[in-house]
Amino acid sequence: MNLLVVGGGGREHAIIKKLRENPTVDTIYALPGNGGIAADAVCVPEIGAREIDKIVDFATSHDVGFAVVAPDDPLALGCVDRLHQAGIPCFGPNAKAARIEASKVFAKNLMKKYGIPTADYRVFDDPARALDYLRGDGVSFPIVVKADGLALGKGVLIPQTLAEAEEAVRTIMEDRAFGDSGKEIVVEEFLTGPEVSVLAFTDGAAIRPMVSSMDHKRSGDGDTGLNTGGMGTVAPNPYYTPEIAAECMETIFLPTLAAMRSEGCPFKGCLYFGLMLTPRGPRVIEYNCRFGDPETQVVLPLLKTDLLTVMRAVEDGTLGDLDVEWSGGAAACVILASGGYPERYEKGKVMTLPRVLPENVTLYHAGDRLTGEGELVTSGGRVLGVTAAAPTLREALRDAYAAAGTVEFEGRYLRTDIGKRALAALEG
Ligand code: AMP
Ligand code: GLY
């Protein structure tokens, strides 16, 4: 059978490598894919992940038996709806369900209506009213200001003072720094506590949470600098104990699925719970309607059950009959980025990769391309994710960093403290 994967980053590479393990899989097409993914799939760089018409045409003309839509944009644009109309089974939520990520106002109102624990909030569609509110009594700082729509993970500002908050409202609503995503904003209570990412397979009724993980969103060591798409991940997340997992299942995961069903948009696919473990209990910081990046690069290597089997069960609504198994042990992913990311950076740097890698290490390509001469060069901010799986987190980190040291390109930048906090939490 031929498969199609929409997307072209490290997350998609991790999904493709895992799908490859199924012996019934013939060709995997990646739209657009990237330079490194080309070693594992047939990439179609001419078709971008937002070009829904072209994606559907390609799928119907290439005998695609199953499709996976990985990024948020095509999901929000209804790529799954369109593939279904064309008779192609696929993994991912339809556009209506993808609103759980694509509209923070939708997500917050859903949580309020169904009593799912999250930060207290207000919604504004008028900057003057937002400013009035922020200047009022009873508002304390820091506070959190979020653009309603998709903003490449950058639409969240955490002003420390009233002046900064006023600036945030203007940036998002008046200057439209994140485009139409900023028509409405959510202003919410600032929460504290360790953050946990939990990705979960769900067919709308049954849910199979994956191994928990921890992202490192800031660009610099010690969680300093600008927010990025993610500079590294570890799994499992040591703060996410079995007791907390059980509590999240009861108070967050199952109620969210029920809420989506009640709203007439059952969620099928990978639902990502961004959680904060506050002193008052776990709270939802955000939902994503898709696999996280780079969470996927540490979670999928620990999946023992065949990924295509799980994805088909999600599509068929039979996930409740399936046991999804995970290997013990841990995984760590260190992102190699272009110097300057997440701000301005140069592209086109020639990459040198090690000829042989230790068996427990995988390179997930995120932002590179092949030149006409077949040379691999950088083409994005996040270039590579170096993942190691091992019996313990300490070993996984050691092996990921050792392998990261054998990859070269000009300006290569990495954080040196991925997993440091997780290790401290584990080992005391
Ligand atoms: P998001 O794009 O919603 O994941 O937000 C980006 C980051 O902002 C999160 O990973 C948190 O670190 C932080 N954040 C978002 N909402 C809150 C909140 N209510 N309180 C504290 N930090 C937050
Ligand atoms: N790593 C965070 C995300 O995928 O949104």
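Computed from a predicted structure; not experimentally measured. Ligands are counted one by one from 1 in listed order, and the atoms in each one are counted from 1 as well.
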Close approach of R283 to ligand 1, heavy atoms, under 4.0 angstrom: no

Polar atom proximity, L191 to ligand 1 (N or O, under 3.5 Å): yes

Where ligand 1 meets E189 - atom numbers and elements under 4.0 angstrom, heavy-atom basis: 18 (C), 19 (N), 20 (N)

Salt bridge (charged side-chain N to carboxylate O under 4.0 Å, His left out) evaluation trace for E12 with R290: CA-CA 11 Å; E12 287 76 12; R290 50 169 176 88; over 6 Å; no

Any G292 heavy atom less than 4.0 Å to ligand 2: yes

Close aromatic pair by centroid cut-off 6.0 Å: Y341 and Y413: no

Steps toward salt bridge (charged side-chain N to carboxylate O under 4.0 Å, His left out) verdict (K146, E286): CA-CA 11 Å; K146 301 184 173 185; E286 63 161 349; over 6 Å; no

D223/K217 under salt bridge (charged side-chain N to carboxylate O under 4.0 Å, His left out): CA gap, chis, key distance, verdict: CA-CA 8 Å; D223 293 326; K217 285 203 166 92; over 6 Å; no

Salt-bridge criterion met for R394 and E427 (N-O under 4.0 Å): yes

Proximal atoms of ligand 2 relative to R290 (non-hydrogen, under 4.0 Å): 3 (C), 4 (O), 5 (O)

For ligand 2, the portion of N288 having any non-hydrogen atom under 4.0 Å away: side chain

Centroid-centroid distance, Y29 to F58, less than 6.0 Å: yes

Pi-cation contact, F91 with K268 (under 6.0 Å, within 45°): no

Sub-4.0 Å atoms of ligand 1 with respect to non-hydrogen atoms of K104: 3 (O)

Sub-4.0 Å heavy-atom contact, G229 with ligand 2: yes

Under-4.0 Å heavy-atom contact with ligand 2, by part of E101 that carries it: neither

E184 and K104: CA distance, side-chain angles, deciding distance, salt bridge (charged side-chain N to carboxylate O under 4.0 Å, His left out) verdict: CA-CA 9 Å; E184 284 188 284; K104 291 194 195 290; over 6 Å; no

Proximal atoms of ligand 1 relative to F190 (non-hydrogen, under 4.0 Å): 20 (N), 21 (C)

N or O pair under 3.5 Å between N227 and ligand 1: no

salt_bridge(E188, K108) N-O dist < 4.0 Å: yes

Contact with ligand 2 for Y272, non-hydrogen, under 4.0 angstrom: yes

Atom indices of ligand 1 within 4.0 angstrom of K146 heavy atoms, with elements: 3 (O), 15 (C), 16 (N)

Close-contact set for ligand 1 against E188 heavy atoms, below 4.0 Å: 16 (N), 17 (C), 18 (C), 19 (N)

For E286, the ligand 1 atoms whose distance to one of its heavy atoms is below 4.0 Å: 1 (P), 2 (O), 3 (O), 4 (O)

Contacting atoms of ligand 1, where contact means under 4.0 angstrom from a heavy atom of K217: 4 (O), 10 (O)

Near-ring test F291/Y272, centroid separation under 6.0 angstrom: no

Heavy-atom gap R11 to ligand 2 smaller than 4.0 Å: no

R99 charged N/C atom sitting above F106 aromatic ring, 6.0 Å / 45°: yes

